[in-house]
Visitor: 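The structure under discussion is supplied below as structure tokens; questions concerning it will follow.
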Amino acid sequence: MRIAMIGTGYVGLVSGVCFSDFGHDVICVDKDAAKIARLKAGEVPIYEPGLDTLMEKNVAAGRLEFSDDLAAAVDGAEAVFIAVGTPTRRGDGHADLTYMMAAAEEIAAALTGYAVVVTKSTVPVGTNRQVQEVIASANPDADFDVASNPEFLREGAAIEDFMKPDRVVVGVESAHAAEVMSEIYRPLYLRDFPILTTDLESAEMIKYAANAFLATKITFMNEIAGLCEKVGADVKEVSRGVGLDGRIGNKFLHAGPGYGGSCFPKDTAALARIGQDHSFPMRITETVMRVNDEVKARMVEKLRDACGGSFNGKTVTVLGVTFKPNTDDMREAPSLTIVPAMVGGGAHVRVIDPQGRAEGEALLPGVDWLEDPYEAAEGADLVVLLTEWNEFRALDLKALAARMAYPRMADLRNVYSARAAERAGFSQYIAVGR
Ligand code: NAD
């Protein structure tokens with residue numbers, strides 16, 4: 001099967017590489033010529049564990065190519081996936097479909113034989129029909145179907161998620177498109193991964209409902225964490241006790257500094273907007289968004305308290321700034337709220353992140369970037385554990401405390417315990433919900 005993948009970001013690149021590993025012939029296209037040049041040189045432009053090896057293998061096997069020529073890639077492809085960005089539109093929370101529709105027009109002009117145009121990007125309900133109309137009106141002779149195939153991979157575990165998905169969702173309207181989609185995902189059918197075939201609207205809705213539900217789950221536990229602090233309960237015990245209930249499950253129940261990332265913030269905003277557009281407010285989702293903002297603001301207050309009421313003149317060491325470990329993605333990371341608040345309050349902030357520096361330097365002005373946590377803690381007034389990279393999970397707390405001017409730790413991921421911190425010589429240990 002020949003596949004064109006339009007958009008070679010976190011989702012497009014991982015999907016393209018994995019489809020080629022299924023045995024398909026894939027051309028990954030991006031309009032960012034510099035990105036394509038790096039890919040052609042064998043360089044992976046994002047940090048995603050395992051992606052480099054898989055990419056190299058499939059390029060060597062002749063199944064995977066990169067190009068900035070969309071028309072040439074689409075010509076002769078049986079499936080054209082759109083995996084471009086759908087960020088929040090400035091001002092109103094809508095998903096911005098500018099890139100989607102521009103890609104649809106370009107595809108329309110390039111279609112030759114029959115092809116299925118598949119939306120992999122997360123798009124509001126009704127977008128696939130809009131794509132269909134855009135293509136049909138730009139090229140009335142085009143022989144095509146549309147399909148909705150939302151992606152559920154998690155950055156940091158993207159390959160595993162793509163190769164062993166909880167489910168694949170395929171929204172289609174024609175038997176021909178269904179046939180092409182099942183051919184593409186045949187390796188997963190053969191291994192009994194659930195493939196759910198729905199109409200277009202349901203497929204689009206599943207993605208938003210899933211992300212809004214996960215954002216709700218996290219935020220619910222973050223709110224419980226706040227109450228735990230008031231009543232003297234330990235949210236770690238509480239989330240374990242709650243998560244062992246099979247109806248609830250233990251995932252996404254870890255209290256922390258609020259959700260961020262490239263998906264939850266924009267997808268909750270888009271779902272809320274879809275509700276408003278249909279005079280059916282998504283009240284739970286709207287509340288989740290508000291509470292999540294409050295959680296992040298509460299973290300800033302926690303840190304200010306830890307600094308004795310003011311950041312002014314304090315030296316703060318921040319461990320981890322990406323929105324979660326194992327990715328270099330900084331989009332909507334809690335650090336983007338928390339670090340500028342400290343810098344703005346007059347703190348001298350030192351930052352360490354195993355992969356975040358390239359993205360983070362422009363986003364976090366006025367901080368110093370270091371490599372070694374112990375060196376970064378030298379003379380500091382506070383260490384903040386913000387992203388729980390493995391590198392920060394087994395620190396020698398004694399050595400860390402010994403180098404600080406005032407050994408205080410704010411562990412916003414609940415990695416350590418008050419007892420361990422105290423034993424190591426920390427005079428203050430602050431966590432979330434404990
Ligand atoms: P991204 O910003 O990393 O990548 C998008 C790419 O598309 C960019 O490289 C851009 O240059 C390219 N592009 C835009 N218009 C183009 C065009 N006309 N032709 C060729 N290339 C074009 O985005 P992403 O994080 O990969 O997300 C893509 C979509 O997948 C979004 O809708 C997102 O919500 C969804 N999604 C993302 C994740 C994730 O973890 N990042 C997970 C599931 C779903």
Side-chain angles (χ1 to χ4, degrees), residues 4-18 27-39 44-49 51 66-74 80-89 94-110 117-124 127-128 131 134-135 138 148-162 165-169 203-204 206-208 210-212 214-215 259-271 322-324 326-333 359:
M5 181 66 64
I6 313 303
T8 307
Y10 285 85
V11 163
L13 182 57
V14 169
S15 306
V17 168
C18 290
I27 306 183
C28 288
V29 178
D30 207 287
K31 61 174 185 179
D32 180 342
K35 195 180 267 190
I36 291 299
R38 288 177 70 184
L39 286 160
V44 183
I46 55 171
Y47 177 73
E48 182 59 49
L51 187 57
F66 303 99
S67 169
D68 55 8
D69 186 348
L70 182 144
V74 168
V80 181
F81 282 78
I82 308 180
V84 300
T86 50
T88 301
R89 192 163 72 190
H94 255 292
D96 183 347
L97 297 177
T98 314
Y99 301 114
M100 274 302 293
M101 295 310 157
E105 294 219 4
E106 281 183 74
I107 292 165
V117 179
V118 191
T119 303
K120 237 207 189 312
S121 301
T122 303
V123 293
T127 304
N128 275 276
V131 167
V134 166
I135 296 177
S148 168
N149 176 216
E151 183 49 57
F152 298 94
L153 62 78
R154 292 163 304 164
E155 287 174 21
I159 305 232
E160 171 92 359
D161 284 351
F162 199 94
D166 288 340
R167 79 308 209 181
V168 173
V169 173
E204 292 167 330
I206 287 168
K207 176 65 192 177
Y208 280 113
N211 271 2
L214 292 172
Y259 64 75
S262 62
C263 291
F264 290 173
K266 82 173 175 64
D267 293 348
T268 46
L271 182 64
T322 51
F323 87 91
K324 64 173 177 179
N326 294 325
T327 181
D328 57 353
D329 201 338
M330 290 287 298
R331 287 178 279 187
E332 303 284 333
E359 280 291 307

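Both counts, for ligands and for their atoms, begin at 1 and track the order of listing. Predicted, not measured: the structure shown is a model, and the values here were computed from it. We count residues from 1, following the sequence as given.
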Visitor: Identify, with sequence neighbours excluded, every residue that meets ring-ring contact (aromatic ring centres under 6.0 Å, His included) alongside Tyr208.
Guide: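 None.
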
Visitor: Among protein heavy atoms, which sits nearest to atom 6 (C) of ligand 1, and what does the distance come to when rounded to 0.1 Å?
Guide: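 Its nearest protein heavy-atom neighbour is Asp30 OD2, 3.6 Å.
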
Visitor: Which ligand 1 atoms are under 4.0 Å away from a heavy-atom of Ile6?
Guide: 19 (N), 20 (C)

Visitor: Which residue and non-hydrogen atom of the protein lie closest to atom 23 (O) of ligand 1, and at what distance in Å?
Guide: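 Nearest protein contact, heavy atoms only, for atom 23 (O) of ligand 1 is Arg331 NH1, 3.8 Å.
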
Visitor: For Thr86, counting its heavy atoms only, list the atoms of ligand 1 lying under 4.0 Å from any of them.
Guide: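 Every atom of ligand 1 under 4.0 Å from some heavy atom of Thr86: 31 (C), 32 (O), 34 (O).
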
Visitor: Is there a donor-acceptor contact under 3.5 Å linking the side chains of Thr98 and Asp96?
Guide: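 Yes, Asp96 and Thr98 have a side-chain donor paired with an acceptor closer than 3.5 Å.
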
Visitor: Which residue and atom name correspond to the protein heavy atom nearest atom 18 (N) of ligand 1, and how close is it?
Guide: Glu106 OE2, 3.3 Å

Visitor: For ligand 1, which atoms have a heavy atom of Ser121 less than 4.0 angstrom away?
Guide: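 Reading through ligand 1 atom by atom, the close ones are 29 (C), 30 (O), 32 (O).
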
Visitor: Taking only heavy atoms of Glu151 into account, list the atoms of ligand 1 that are under 4.0 Å away from them.
Guide: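 Answer, ordered by atom number: 43 (C), 44 (C).
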
Visitor: When you look for heavy atoms under 4.0 Å from ligand 1, do you find them on the side chain of Met5, its backbone, both, or neither?
Guide: neither

Visitor: Any non-hydrogen atom of Ala83 lying under 4.0 Å from ligand 1?
Guide: yes

Visitor: State the atoms of ligand 1, each with its element, that fall below the 4.0 Å cut-off from a heavy-atom position in Gly85.
Guide: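 That gives atoms 5 (C) of ligand 1.
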
Visitor: For ligand 1, note which part of Ser262 has a heavy atom under 4.0 Å away: side chain, backbone, both or neither.
Guide: side chain

Visitor: Side chain or backbone of Arg154 under 4.0 Å from ligand 1, or both, or neither, by non-hydrogen atoms?
Guide: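 Near ligand 1, Arg154 shows nothing, with every heavy atom at 4.0 Å or more.
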
Visitor: What are the atoms of ligand 1, with element, lying closer than 4.0 Å to any heavy atom of Glu155?
Guide: 39 (C), 40 (O), 41 (N)

Visitor: Quick test: of every protein heavy atom, which one is nearest to atom 21 (N) of ligand 1, and how far off is it to 0.1 Å?
Guide: Lys31 N, 3.2 Å

Visitor: Show me which atoms of ligand 1 lie under 4.0 Å from any heavy atom of Gly9.
Guide: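 Matching atoms, with element in brackets: 1 (P), 3 (O), 4 (O), 6 (C), 26 (O).
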
